[in-house]
Every structure is written in C-alpha cells, then in structure tokens.
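Letters go in sequence order (proteins before strands), and every chain restarts at 1.
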Protein chains: 2
Amino acid sequence: MRRIAERVGIRAPSLYKHFPDKAAVEAGLQAQGMVRLAQDMEAAEAEIGDDPPLLVLASAYRQHALASPHLYRLTHTRPLARAALPEGLEDRAAMPLARAVHGDIDIARTFWAFAHGMVMLELDGRFPPGADLDAAWRTGCEAFAQAIRIKSRGGSA
Amino acid sequence: MRRIAERVGIRAPSLYKHFPDKAAVEAGLQAQGMVRLAQDMEAAEAEIGDDPPLLVLASAYRQHALASPHLYRLTHTRPLARAALPEGLEDRAAMPLARAVHGDIDIARTFWAFAHGMVMLELDGRFPPGADLDAAWRTGCEAFAQAIRIKSRGGSA
DNA sequence: ACCCCATAGCTAACGGCGTTAGCCGCGTTG
DNA sequence: CAACGCGGCTAACGCCGTTAGCTATGGGGT
C-alpha cells in the first residue's frame, strides 16, 4: 500500500480515502486483469483463420500471462472478487474458449486448467531449465483438439 | 515464524538457532511435501489394476492436494528448493506418471500442468459453485489417454 | 574433578507491513 | 459568507521476520 501510494504521489493512509482496504485495491486490479484477458482472447479469436483454434487461444493466453505476470497472479490465483467485477465480464473473457470447444463445458474447464497450470508452473519456475515448453503446449492443444473431434462425432459432421 | 515457534513450545527467535531463516523452514516443508507426494503417487500406481492409469493417478493427485492444501501450496507454488531436497526425490515423485505416459515427456508435462491447474483452481475457489469437477477430471484424463494411444500407434502394439 | 565452551533457550528491539485516529486546508454549496 | 465534506497529512498501533545480546545447562578435555 505504501508503494502504491508513492507511485501516485501520496502517503499510504490517504489511499484509504479512496479504497476501504487492500482487498478492494486488489479487486480493482483483478477487474483490470479480467478486462485485459477478455480483450486479448477476443483479439486472438479474431486471428484464428485456418490455424488450430485451441493453439491460437493458448498462445495468446500464455503471452497474456507472461506479459504481466504480477497482474496475472493477482487476477487468477485467489478467489475472484465477482462483486467488484463489471457485469458479464467473466463470461465475456470465457466466450472465445467456449466457442472454440463448441460449447463443451467439461473440455472448456479442462483446457482452462491445462493453460492455467502451464502458465503457473512457468511463472513459478517449476519446469527444468531446458524444458521445451512450446512442445508441451502443442501436445496439450492437440490432445484437446482430438478430444473435441471425438466428442462431436455424433453431434455434427 | 512466531506461530510455528509456539507450536513447538518455544519463542520465535529461538527458531533461528535451528534454521537460518523462514525460507529454510519452507524448504524443509517442501521436502516433506515432495516425500508425501512420491508416496501417494507410488501407492496409487500400485492400485491401478485394470482401471485407466491416468485417472487413478489423477484422483490420487487431487486427493493428495485437497488433503493438505497449505502444504501443497507451499510445495508447488514457488520455486522448488532443490538444494534442500533429498537426492533423487523429485524424479521419484515423477516416475509413476512417467511410466503411465510410456515415457513421453511432453505428455507427462502437459498432464502434470493439467492436474496442477485443476487443483489450484479448485483450491483458489475459482470454479463456479455447481461445477462438476469429477466430470472435468474424467474428460481431461480421457483426452490424454487418447493422445497416448495415438502417439504410440507407430511405436508399440 | 573441574573448567570451558558450544548449544539452545530467552528478552528487547528494529524496520516494514496494513490500518486507524485525528488534524487541517481548500473548494463547493446553500 | 458560513458550513461542510473531501482529500491530503502525521502519529501510532499491532502484526511480521529478523538480529543483538544475555544466560543457563550440559558434555568433553586436561
């Protein structure tokens, strides 16, 4: 809080004239993080073209997280302060993935967990130094793409 | 540190006669967390039988994390203090999964990320209240099992 | 047998954290 | 023109990890 205050040219206690406590500041930053995620995912979706959709979304997700790791952590590694979130934002951020998996909620959640896990392990420096993370991302995306194909065998073409 | 000391019937500064600092205590706990993980994964591997290996390992992993969430966090959400780790322990914990994926390192890493992501999202209360997590776990395990089958089509039977 | 010193406890205190209490000046509003 | 509230400020509280420095106890060497 003191450091945030300093960046704004203010003393720490004055922050409490604008936010009730640290948690509220974090909630505001979470909202910002969700907005940026939604924007980045929508931008990625628009650029899918003929590439594998999951791989495009996954690459964008990874880049999103690595570009501002602190904000990513703040946004995604604690309970989401939904009360302080613009209405519909959470869904908006999830829609590009939901469309890519043809609305299959289990695959969506599973793929989300995969991407979040990959990102967190990378941010936390958990992979061995030489690990080929691009290959791992590719492998994961292909596995889920295959799962979608199988699941929709009886639903569409 | 004061709370740990109290549990041992000691004052906080006396802890520093046994550990150089808080990070060293955490490293010790990380080592304990890794030992338990290795034990739990080995136990799961022994009970695979005719069940899907990935699903058995995944269930054990999830149970392991949910059984002591604080220790799981401490062990797996920060850089691993490898220097303070018994030699070979990290590999030992990874072996059951490595065997289940027939040594495919990319699938192993990917599956690990999936499991870690699922666990972290659950621990952080990130899933919507009614979410069917068992179904998500099942879906993920099946997707990776399928990926293994495809990959080994040219290698073994 | 005795001395010595390492071990392992203690209290006091430091700087940093989030936070609260209380003060003050300025600008807007009735 | 007075009143009030908004948004700054300082001082201080209780928590945190950590350090300095004191002390008692107990095992080993002469």
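With hydrogens and angles ignored, a donor-acceptor pair closer than 3.5 Å exists between the side chain of B:Arg2 and the base of D:dG17.
Of the candidate nucleotides C:dT20, C:dT11, D:dG17, C:dT11 has the atom lying nearest to any side-chain atom of B:Pro13. Taking the side chain of A:Arg3 as heavy atoms from C-beta on, and the options D:dT18, C:dC17, C:dG9, the nearest nucleotide is C:dC17.
Residue A:Glu6 contributes atom CD, which lies 12 Å from atom P of D:dC9 at whole-angstrom precision. Atom pair B:Leu15:CG and D:dT18:P shows a separation of 10 Å (rounding to whole Å applied). Distance, B:Tyr16 OH to C:dG9 P: 15 Å, rounded to whole Å. A straight line from CD1 of B:Ile4 to C1' of D:dG17 spans 11 Å, rounded to a whole angstrom. To the nearest angstrom, C1' of C:dG18 lies 9 Å from CG of A:Asp21.
The side chain of A:His18 contributes an N or O atom lying less than 4.0 Å from OP1 or OP2 of D:dG8. Between A:Ser14 and D:dG7 there is no side-chain polar atom (N or O) within less than 4.0 angstrom of OP1 or OP2. Side-chain N/O atoms of B:Arg11 include one lying less than 4.0 angstrom from OP1 or OP2 on C:dT11.
Residues A:Arg149 and A:Gln146 have side chains that bring a donor and an acceptor to within less than 3.5 angstrom of each other.
Taking the nucleotide of DNA chain C with the nearest heavy atom to each of A:Lys17 and A:Met1, the more 5' of the two is matched to A:Met1.
No more than 12 heavy-atom neighbours from other residues, nucleotides or ligands sit within 6.0 angstrom of CD on B:Glu6.
Annotation for B:Met34 and B:Leu85: closest pair CG-CD1, 4.2 Å, computed over non-hydrogen atoms.
As judged by a 4.0 angstrom heavy-atom cut-off over every strand, A:Lys22 is placed among residues touching the sugar-phosphate backbone only.
Counting only distance, with no hydrogens or angles, the side chain of A:Glu90 and the backbone of A:Arg82 share no donor-acceptor pair below 3.5 Å.
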